[in-house]
Protein chains: 2
Amino acid sequence: MKERGSSDPKKRILAAAISLFAQKGFAAVGVREIAAEAGVNIAMISYYFEGKVGILKEIMEEFFRRYFLVFEGVDDESKTPEACVRGLIHNIVNFVRENTELTMVSYNELPLDLPEIAELKAEKIADMIQRISGLVLRMGLDPKDAFLIAVVGPSLISTIFTNFRLRPVMKHVFPFKFDDAYYERYAETIATLFLHGIKGLAEERKGKKRSTK
Amino acid sequence: MKERGSSDPKKRILAAAISLFAQKGFAAVGVREIAAEAGVNIAMISYYFEGKVGILKEIMEEFFRRYFLVFEGVDDESKTPEACVRGLIHNIVNFVRENTELTMVSYNELPLDLPEIAELKAEKIADMIQRISGLVLRMGLDPKDAFLIAVVGPSLISTIFTNFRLRPVMKHVFPFKFDDAYYERYAETIATLFLHGIKGLAEERKGKKRSTK
DNA sequence: CTCCTTGACAAACGTTTGTTTAATTTTTAT
DNA sequence: ATAAAAATTAAACAAACGTTTGTCAAGGAG
């Protein structure tokens with residue numbers, strides 16, 4: 001059908017699957033549809049990926065591989081923690097912007113309990129939390145306080161991801177132009193939102209500690 | 001199979017479908033599975049709902065019907081806007097807690113572009129934004145500033161909903177007991193997070209306005 | 001040349017999909 | 001009591017599902 005760019009059939013299947021899964025969801029897409037979109041014979045899917053879920057598995061692995069790079073060296077101690085958080089948020093927004101479909105597939109199918117990927121997910125997420133614990137400490141929160149980490153972290157991530165996830169719906173509600181300026185302002189806005197929010201939580205924590213002494 | 005509580009077959013189908021859709025997603029659940037779970041003949045689904053998507057449609061309508069009640073009288077001018085926001089957040093958390101599966105189905109299938117429900121969603125969301133615009137104004141933001149509304153609102157909602165949505169994954173990462181105390185602390189925490197965040201955005205806005213004068 | 005692996009294909013596999021049909025029971029109204 | 005309406009059933013429908021089969025062409029190694 002579309003005959004996606006690369007001549008490597010495996011890459012073409014992957015690209016087609018990412019696009020279709022992002023649009024309709026994993027379960028709603030058939031292997032025939034993927035094969036047609038990739039301009040490839042159906043049998044090639046089982047040949048290269050050992051079945052349909054094999055594609056999803058590779059997609060999620062690729063997602064985490066790229067996603068982890070965003071957190072690389074994010075806790076730069078030569079900068080203020082506020083600047084680090086702002087930089088991190090910009091990086092995440094840009095990452096999702098440049099890998100929208102890949103991110104949407106991975107994020108949408110996260111809750112899906114395919115035993116073949118269930119283990120992968122928890123491991124990767126735990127890993128990710130570890131990476132930002134240093135920055136969390138410098139922001140005035142206790143990195144040992146799993147509760148706050150479990151609230152603020154997913155809140156930030158879900159905020160950004162959902163902004164892309166609900167794009168089709170939001171386009172009918174808000175008349176924005178989603179250009180460079182939009183994403184710049186968007187990143188700045190949620191950075192302000194969360195920086196002030198985290199500061200508020202840190203202050204509350206200090207207040208509690210003092211009062212229990 | 002399970003023969004859900006009610007004797008009304010339509011209600012039993014609805015209950016079974018909500019449970020199954022919440023677990024596996026709309027596309028991954030077959031009508032036979034729903035019928036079996038509801039203890040009902042397959043043909044009853046087309047008879048009562050005119051097909052599988054008819055069930056989803058009724059589910060989403062029921063969700064919005066209940067969800068709107070949460071925003072009823074939320075902008076109580078006898079209370080401070082901060083107290084209103086805190087109350088609203090508590091109400092939303094409690095609502096999702098008491099309607100978890102219904103909410104998860106509606107939220108998960110939101111991006112899905114079934115033309116039969118596409119119109120419904122945008123309308124309902126626009127309606128919802130209208131309802132909180134008064135409160136937004138009292139919090140120091142400009143309700144005409146669609147951008148901030150479009151950022152803060154969905155951020156708060158996605159934060160809460162995602163907390164429930166990723167529960168299966170998070171259970172493998174964080175060892176919490178999700179009891180009354182957890183939800184109480186959770187609501188208080190994100191209330192603090194967003195109240196300070198919104199205050200930060202409001203201050204920034206004031207600063208900008210002053211500087212452009 | 002022969003041998004063997006790899007890549008690609010059409011075709012068919014047995015299941016399962018959502019929906020419909022026609023017959024039958026149950027309920028309601030007259 | 002009888003007729004009409006509503007509820008429920010088993011069975012069948014074509015279509016689509018994910019996977020596998022057997023075959024054939026191409027290419028490198030010995």
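Numbers restart at 1 for each chain; the letters A, B, ... are given by sequence-line order, proteins then strands.
For the pair B/R97 and B/F178, the NZ or CZ position fails the cation-pi test of under 6.0 Å to the six-membered ring centre and within 45 degrees of the ring normal.
Atom pair A/E33:CD and D/dT19:C1' shows a separation of 18 Å (rounding to whole Å applied). Atom pair A/F49:CZ and D/dT20:P shows a separation of 16 Å (rounding to whole Å applied). Put simply, CD1 on A/I55 is 9 Å from P on D/dT19, counting in whole angstrom units. Computed from coordinates, the B/D8 CG to C/dT26 P distance equals 18 Å when rounded to whole Å. The distance between atom CE of B/M44 and atom C1' of D/dA7, rounded to the nearest whole Å, is 6 Å. A/I45 places its CD1 atom 15 Å from the C1' atom of C/dG7, with the value rounded to the nearest Å. For the pair A/K11 NZ and C/dG7 C1', the interatomic distance rounds to 17 Å; values are reported in whole Å. Atom NZ in B/K57 sits about 17 Å away from atom C1' in C/dG18, given to the nearest Å.
Ranking C/dA8, D/dT20, D/dA10 by closeness to the A/Y48 side chain, first place goes to C/dA8. In this structure, the nucleotide among D/dA10, C/dA8, C/dC9 sitting nearest to the side chain of A/P9 is C/dA8. The A/K52 side chain lies nearest to D/dT19 when the options are D/dT19, C/dG18, C/dA10. When distances are taken from the side chain of A/R32 to each of D/dT9, D/dG18, D/dT19, the shortest belongs to D/dG18.
Side-chain nitrogen and oxygen atoms of B/Y47 include none within less than 4.0 Å of the OP1 or OP2 phosphate oxygen of D/dT8. At least one side-chain nitrogen or oxygen of B/N41 sits closer than 4.0 Å to the OP1 or OP2 atom of D/dA10.
Between atom CD1 of residue B/I42 and atom CD1 of residue B/I13 there is a gap of 11.0 Å, rounded to the nearest 0.5 Å.
In this structure, B/I42 reaches the bases: a heavy-atom distance under 4.0 Å links it to at least one base atom across the strands shown. Contacts of A/V29 with the nucleic acid, taken as non-hydrogen atoms under 4.0 Å apart, involve only primed sugar atoms and P, OP1 or OP2.
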Please test A/I59 against A/L102 for side chain to side chain contact (heavy atoms under 4.5 Å, CB included), starting from the C-alpha separation and ending with a verdict. CA-CA 7 Å; A/I59 288 176; A/L102 181 67; 3.7 Å; yes

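A tilted orientation is assigned to the rings of B/F64 and B/F68, their planes being inclined by 30° to 60°. Between B/F164 and B/Y183, the ring planes are parallel. Angles under 30° get that label, and only those over 60° would be called perpendicular.
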